[in-house]
Amino acid sequence: SAIASILRDAGFGVLLAGADHDSACRAAERIGRELEQPLDLDGNRVDRQAAIGIAMAPLHADAAEPLLARAELALYAAKDRRESFIVYDAAFDRESEANLALLSELRHARDNGELRLHLQPKVDLKSGSIAGAEALLRWVHPQRGLIPPGRFIPYAEDTPIIKDLTLWVFEAAVREQPSLRAHGIGRVSINLSARDLMDLDLPAKLDALLRKHGAEASGLCLETTESAVMGDIARAQQTLTRLRERGYKLSIDDFGEGQTSMRYLKDLPVHELKVDMVFIKGMQTDPRTEYIVKALIEVGHQYGLSVVAEGVENAAVALRLAELGCNEGQGWHFGKPMPADELYGWARAWTAREEQGQPA
Ligand code: C2E
Ligand code: MG
Ligand code: MG
């Protein structure tokens, strides 16, 4: 895992003297291809990903430092878009300034009371009863209004700020737990990011919050994504094992989105697998996508995991998933993410409907 950590962060620069736009792109393509050759470490195959940013002198900058800075911006853009290389564009500067400004405001969002906890119901597909809820963060910016997590979480994840956000959401969810239980919602899921998983102190930090609120780990599920785990499998496993020992339920979110995960799944101490939304959405239009969903459900069950489908948007999909043996569903068909008070109203209505024998 030491080697994996080093590789995860390795970066270097290449100077192509006399190259033009096209030859620089060709060189980037070649270097990228070389770097993406899997490594063999003591018989373990390690997959690698490379991202390359290109900046040209004197077109983009004529001194070394700004040139490197712009190559780095292009590199981030390549990482973001999962492209193997990207040539710098002036728009990256403006975008990065906007992101930096947002990030610096996010630092104060918690203390300014701008964060909100939203909860989205999860439903048992067989019985139709409420299986739990997922905590999803919302940021109400004083000028810009509601900012969706997709707009700020990925940037926060590049900084230690994400760890504060996780603890905020965790505490907000724990505080809400007694009311959730009273409304028949027995478990809350909370998202962890890669940095949380790499933080060996995370379990102790969560312990402190549980103690503060007299809460128990057993009513909580911690979700992590396969990409967060893949960053450093050994370390992620260590944190996950510690969390499992404490009684948390553990879940792999957005499963299927990467390709490396299948072979590690059996070694991860998790209880639940959440099938990525793309597959659930794709099921409706493409029968071949349904085969993938079916296979993922089967693999999950083989490993003794409960399988959850995300992005269930209509009754037909919910029904089909139930037929395929998928355990739980989450999506707009059941309910959108909403503040706790609204969720309680939703839960009352849902339970009443269920008692009248209406299908999920
Ligand atoms: P996620 O954890 O996979 O959460 C599910 C996302 O799918 C949520 O987006 C939810 O609103 C959306 N969704 C649920 N059902 C449907 C549906 O039927 N159709 C469609 N189109 N979308 C649906 P949201 O709330 O915007 O969150 C996006 C992502 O941001 C989350 O994906 C998660 O990765 C991240 N995120 C949100 N809150 C937190 C948090 O507290 N901590 C961390 N680390 N990440 C968070
Ligand atoms: Mg999630
Ligand atoms: Mg997900």
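Whatever order the structure lists them in is the order used to number ligands and atoms, beginning at 1. Bear in mind that the values here come from a model prediction, so they are computed numbers and not experimental data.
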Option set [options], criterion heavy-atom distance to [atom], minimum:
atom: atom 7 (O) of ligand 1; options: M338, M277, E310, Q330; answer: M277
atom: atom 18 (O) of ligand 1; options: F334, F152, W332, W168; answer: W332
atom: atom 30 (O) of ligand 1; options: P148, G311, A194, P149; answer: P149

Look up [atom] and tell me if a protein heavy atom lies less than 4.0 Å from it?
atom: atom 41 (O) of ligand 1; answer: yes
atom: atom 23 (C) of ligand 1; answer: yes
atom: atom 34 (O) of ligand 1; answer: no

Counting only heavy atoms, which portion of [X] has something under 4.0 Å from ligand 1: side chain, backbone, both, or neither?
X: K163; result: neither
X: D253; result: side chain
X: K274; result: neither
X: L137; result: both
X: V312; result: backbone

Does an N or O anywhere in H333 fall below 3.5 Å from an N or O of ligand 1?
-> no
Validation row: [X], [Y] side chains within 4.5 angstrom (heavy atoms):
X: F85; Y: I54; result: yes
X: L136; Y: Q120; result: yes
X: W139; Y: E105; result: yes

Ligand-side contact atoms (ligand 1) for residue partner K281, heavy atom cut-off under 4.0 Å | 21 (N)
For I161 and R107, what are the C-alpha separation, side-chain angles and deciding distance, and is it a side chain to side chain contact (heavy atoms under 4.5 Å, CB included)?
-> CA-CA 7 Å; I161 299 176; R107 275 178 228 278; 3.5 Å; yes
Can a donor-acceptor pair be found between the side chains of N99 and R151 at a distance below 3.5 Å?
-> yes
Output, in order, the C-alpha distance, side-chain angles, deciding distance and verdict of side chain to side chain contact (heavy atoms under 4.5 Å, CB included) for R244 and H271.
-> CA-CA 9 Å; R244 187 182 167 118; H271 306 85; 3.5 Å; yes
Environment of the Mg ion (ligand 3) in terms of protein N/O/S atoms, cut-off under 2.8 Å = D253 OD1, D254 OD1, E310 OE1, E310 OE2
Which side-chain N or O atoms in residues 297-310 pair as donor and acceptor under 3.5 Å with protein atoms at least two apart or in another chain?
| from | atom 1 | to | atom 2 | distance (Å) |
| --- | --- | --- | --- | --- |
| H301 | NE2 | N327 | OD1 | 2.8 |

